[in-house]
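A, B, ... follow the sequence lines: proteins, then strands. Residue 1 opens every chain. All heavy atoms count here, side chains included; hydrogens, waters and symmetry mates do not. Remember, predicted model here, so these are calculated numbers, not experimental data.
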Amino acid sequence: MEADELAEVDQRLRAICTQRGLTWVVSDVDELIREGQYILELGEYEQSRSAYDRRFRYSYRSSPGQRPSPAKFRVTPFVATARTLLLIDAMLAVFVELPAARSHALRSLGEGRAGKTPIVGSTSFADDEGRVVITISEDTEADYSAVVANLTALRVAVIEQ
Amino acid sequence: MRKDVVDLLAELDTNLASVSHPFTSASVADRIYEAYAFSLVIAAAVEAGATVRYVQGDGKEVTDIEFRGAPGVIHSAEARWTYAVLRFGRAPELEVHVRVKIIGGRTRTEGECDVLIVEQHAADTSRYKSQSPSASKCLAVIECKFYPCTLPVSLGREFAALCMDRGPKIVGYFVSNQYGPVAWKTIAASPNAICEFGTVPGTRHVGHFMSLLREAFKRHVCYYDPTHVV
């Protein structure tokens with residue numbers, strides 16, 4: 001996908017998120033973009049091992065007996081494609097993992113486990129005044145499959161083009 | 001833009017408009033994930049041979065669970081907040097609370113726990129003294145984080161600092177649906193902090209997390225009633 005086309009997809013996705021109650025997802029993605037992408041740096045030990053592999057000789061160790069150094073990262077900015085994929089994947093996490101966690105909690109608490117736990121009727125979170133702020137309940141979960149299918153197809157389109 | 005991509009975006013917008021989903025804030029996502037983590041604690045306890053009751057602040061047993069929407073305290077005058085009571089053989093009962101505060105070991109400041117497993121006598125003392133329990137009196141603290149993308153390093157740093165403050169006697173578990181290599185490295189540096197990333201239904205990480213909880217329950221049962229088979 002051309003850079004300007006990719007930017008257009010990204011912008012459109014951000015607009016959709018803002019209009020459809022997913023501003024928080026955009027914020028979290030932006031925070032990650034600001035932080036940058038952590039790339040694992042090859043340590044001295046791994047470099048010497050790869051030299052061994054290529055030349056079929058004993059590997060050169062600059063400091064025999066020294067423990068290989070721990071993982072080190074360098075930070076690089078996300079490229080445009082990766083930025084758009086981050087947003088698509090973030091939306092997928094919301095519409096795949098969150099409903100799955102909710103269904104599991106409802107099923108697990110509601111089954112009673114052969115009399116070892118009471119069967120839970122409802123689960124909710126309330127504020128200090130007693131107003132229910134969040135009820136953990138099933139809603140139109142089946143409809144998420146269409147959203148997930150759209151996002152999956154969009155992901156493929158961004159990668160392939 | 002290619003026509004199929006334009007169509008896909010339009011279709012996505014239409015489908016999103018029609019579902020009217022409830023996932024409209026990070027807070028909602030975190031509350032759902034906390035309820036999920038709570039259900040895993042209960043499942044791990046039952047698998048380890050516990051019997052479970054759900055109780056309100058006034059001791060009344062309930063089947064409708066109401067958790068705190070904002071961080072609160074175990075000794076709250078409000079009776080309606082629900083917690084679970086776990087019994088393993090003759091070992092003293094454990095309580096599982098959601099979104100309560102405990103007092104750090106070093107700074108003596110109150111900090112929030114998403115899910116707290118605490119011995120009942122420590123919770124009773126807290127209610128009697130109207131003071132949050134000390135971290136050293138708790139069995140485990142679980143930090144739950146639903147995140148839509150890779151975990152930022154700041155989350156790892158905050159959790160590692162909390163575990164450091166709470167002292168070595170309490171284990172802190174960081175569970176999240178996501179991964180974060182640098183957050184992991186930061187948390188792993190704390191001896192009493194354990195993370196289990198990628199914990200969502202259907203993954204092997206759920207089993208690993210439940211094994212960690214089982215180990216915590218085993219320590220408690222072994223101390224008080226080693227005849228009880230966990």
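B:Val28 touches chain A through backbone and side chain together, each having a heavy atom under 4.5 Å away. Neither the backbone nor the side chain of B:Ala84 comes within less than 4.5 Å of any heavy atom in chain A. In this structure, the portions of B:Val153 lying under 4.5 Å from any heavy atom of chain A include both its backbone and its side chain. Both the backbone and the side chain of B:Leu16 come within less than 4.5 Å of a heavy atom in chain A. Residue contact with chain A, scored on non-hydrogen atoms closer than 4.5 Å, is absent for B:Glu61. Within the 4.5 angstrom heavy-atom criterion, only backbone atoms of B:Arg53 (N, CA, C, O) approach chain A. Residue contact with chain A, scored on non-hydrogen atoms closer than 4.5 Å, involves the side chain of B:Phe146 exclusively. Only the side chain of A:Ser108 has a heavy atom closer than 4.5 Å to any heavy atom of chain B. For B:Leu40, the part lying under 4.5 angstrom from a heavy atom of chain A is the side chain only. With a 4.5 Å cut-off on non-hydrogen atoms, B:Pro152 touches chain A through its backbone and its side chain both.
Not counting sequence neighbours, B:Tyr147 has no partner by the ring pair (Phe, Tyr, Trp, His ring centres under 6.0 Å) test. A:Glu97 meets the salt bridge (Lys or Arg N to Asp or Glu O under 4.0 Å) test with no other residue; sequence neighbours excluded.
If you tally non-hydrogen atom pairs under 4.5 Å between each of B:Val46, B:Thr150, B:Val200, B:Thr63 and chain A, the highest count goes to B:Thr63.
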Result block: side-chain N/O donor-acceptor pairs under 3.5 angstrom for residues 207-217 of chain B, not counting sequence neighbours:
from: B:Ser211; atom 1: OG; to: B:Gly207; atom 2: O; distance (Å): 3.0
from: B:Arg214; atom 1: NH2; to: B:Val230; atom 2: O; distance (Å): 3.1
from: B:Glu215; atom 1: OE2; to: B:Lys218; atom 2: NZ; distance (Å): 3.1

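Residues of residues 78-90 of chain A that come within less than 4.5 angstrom of chain B, heavy atom to heavy atom, are A:Asp89, A:Ala90 in numerical order.
B:Ser132 and B:Ile102 get closest at one heavy-atom pair: CB-CA, 4.1 Å.
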